[in-house]
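Here is the structure we will look at, set down as structure tokens.
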Protein chains: 2
Amino acid sequence: MSIVSRRLEDELREGPEISPELDRLMRNARKASDFLKALSHENRLLLLCLLAEGERSVTELENILSLRQPTVSQQLARLRLDDLVTTRRDGKTIYYSLANDDVRRVISVIYDMYCGTPASDAK
Amino acid sequence: MSIVSRRLEDELREGPEISPELDRLMRNARKASDFLKALSHENRLLLLCLLAEGERSVTELENILSLRQPTVSQQLARLRLDDLVTTRRDGKTIYYSLANDDVRRVISVIYDMYCGTPASDAK
DNA sequence: AAGATATATGCGAATGCGATAATATGTCTT
DNA sequence: AAGACATATTATCGCATTCGCATATATCTT
């Protein structure tokens with residue numbers, strides 16, 4: 001990870017031109033912040049926590065979290081657009097689950113931070 | 001992690017009262033989403049990436065990222081308020097660094113996702 | 001004390017986001 | 001085909017965030 005500033009500072013010394021390395025880094029940062037924005041919502045975080053345990057239907061999520069159907073559906077739509085979750089239809093009901101391991105990994109870290117040990121609950 | 005929905009569903013069966021477990025979970029989710037919101041910004045993410053390599057003065061950050069001083073200062077202030085970074089004064093200059101290991105851990109995961117392998121840069 | 005440097009803050013305009021309610025779509029059953 | 005159930009979409013409104021700019025504060029030097 002310590003290569004980041006090294007590269008940027010090297011380019012800085014070469015003059016005030018536009019730095020391709022910085023440009024690359026900024027594009028990555030934009031994508032990363034888009035991903036994090038998708039996570040940065042109380043309800044979406046709860047939904048993802050549940051989905052981390054396995055797939056769920058909209059109705060199940062609605063009941064477990066005591067949220068209204070349009071709310072759940074709306075937030076799931078957002079997560080779908082950002083490719084954080086995928087769906088599977090079975091008759092009337094649609095089952096949601098986490099889309100990939102990146103999501104799983106981040107959710108796991110966040111879960112450990114805020115729900116990990118009982119002591120940390122009051123953090 | 002699979003205890004979350006178990007507990008919630010148990011409480012659901014007991015009736016429509018307000019669930020203390022859900023309440024606790026929602027408070028944690030709020031804190032977690034506040035934390036993630038602080039991260040969910042292109043420039044703040046870049047700042048944190050640099051700080052993950054070691055402490056930096058405002059001027060250094062400003063030069064490396066080619067951002068204006070008020071912009072850098074403003075985003076650092078936000079990170080300070082959310083306890084993601086700490087400061088150390090030495091004369092005129094103020095050095096910033098990451099506040100704790102939680103931040104370090106999350107930044108590391110995000111960095112791996114978006115800047116990890118060269119191939120993943122185009123992700 | 002004055003000037004220079006380093007950092008912080010306040011403000012107004014533009015934009016984006018979330019909650020809610022109402023409505024629409026799709027699928028099954030009979 | 002009709003009605004019931006599961007899910008999705010749309011519109012509106014109010015609120016919070018962001019950005020750029022101007023300005024303020026703090027520290028050092030001479």
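FYI, side chains are in, hydrogens and waters are out, and symmetry mates aren't considered; it's all heavy atoms of this structure. Residue numbers begin at 1 in each chain, while the letters A, B, ... track the order of the sequences.
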Once base and sugar-phosphate atoms are separated, protein heavy atoms under 4.0 Å mark nucleotides 23-30 of chain D, 5' to 3', with B, S and - as ---SBS--
Sorted by chain and number, sequence neighbours left out, side chain to side chain contact (heavy atoms under 4.5 Å, CB included) with A:R80 holds for A:A77, A:V85, A:T87, A:Y96
Donor-acceptor under 3.5 Å (B:Q75 side chain, B:V72 main chain): no
To the nearest angstrom, the CG-P distance between B:D34 and C:dG18 comes to 13 Å
Looking at A:R68 and A:E62, is any side-chain nitrogen of the basic one under 4.0 Å from a carboxylate oxygen of the acidic one? no
Exercise for the section: Indicate, with a heavy-atom threshold strictly under 4.0 Å, whether B:E42 touches base, sugar-phosphate, or nothing. Expected result: nothing
Separation of D:dA8 atom P from A:Y95 atom OH, nearest Å, is 13 Å
In whole angstroms, the gap separating P of D:dC13 from CD of A:Q74 amounts to 16 Å
Between CG of A:L45 and P of C:dC17 the distance, given in whole Å, is 17 Å
Out of curiosity, does A:Y95 fall in the hydrophobic cluster containing A:L47 (side-chain heavy atoms, cut-off under 4.5 Å, transitive links)?
-> no
| query | Base, sugar-phosphate, or nothing for A:Q75, non-hydrogen atoms under 4.0 angstrom? | reply | sugar-phosphate
To the nearest angstrom, the CZ-P distance between A:R78 and D:dA8 comes to 16 Å
* OP1 or OP2 of C:dG16 under 4.0 Å from side-chain N/O of B:H41 -> no
Whole-Å distance, A:L79 CG to D:dA8 P, equals 12 Å
Residue set satisfying side chain to side chain contact (heavy atoms under 4.5 Å, CB included) with B:E42, at least two apart, ordered chain then number -> A:M26, A:A29, A:R30, A:S33
Here the distance between atom C1' of C:dA8 and atom CG of B:L47, to the nearest Å, is 15 Å
**Prompt:** Does any donor atom in the side chain of B:R56 or A:S5 lie under 3.5 Å from an acceptor atom in the other side chain?
**Reply:** yes
Next on the checklist: Using a heavy-atom cut-off of 4.0 Å across all strands, would you classify A:Y96 as base, sugar-phosphate, or nothing?
Outcome noted: sugar-phosphate
query: Should A:T93 be listed as having a side-chain N or O under 4.0 Å from OP1 or OP2 of D:dC5?
result: no
Practice task
May I ask you to evaluate whether A:R68 reaches the phosphate of C:dA19, defined as a side-chain N or O under 4.0 Å from OP1 or OP2?
Solution key: no
Between A:N43 and B:I94, whichever has its closest DNA chain C nucleotide further toward 5' is B:I94
Atom NZ of A:K37 and atom P of D:dT18 are separated, to the nearest Å, by 8 Å
Check: Contact class for B:S73 (heavy atom, under 4.0 Å): base, sugar-phosphate, or nothing?
Finding: base
Q | Any donor-acceptor N/O pair, A:D102 side chain to A:R105 backbone, under 3.5 Å | A | no
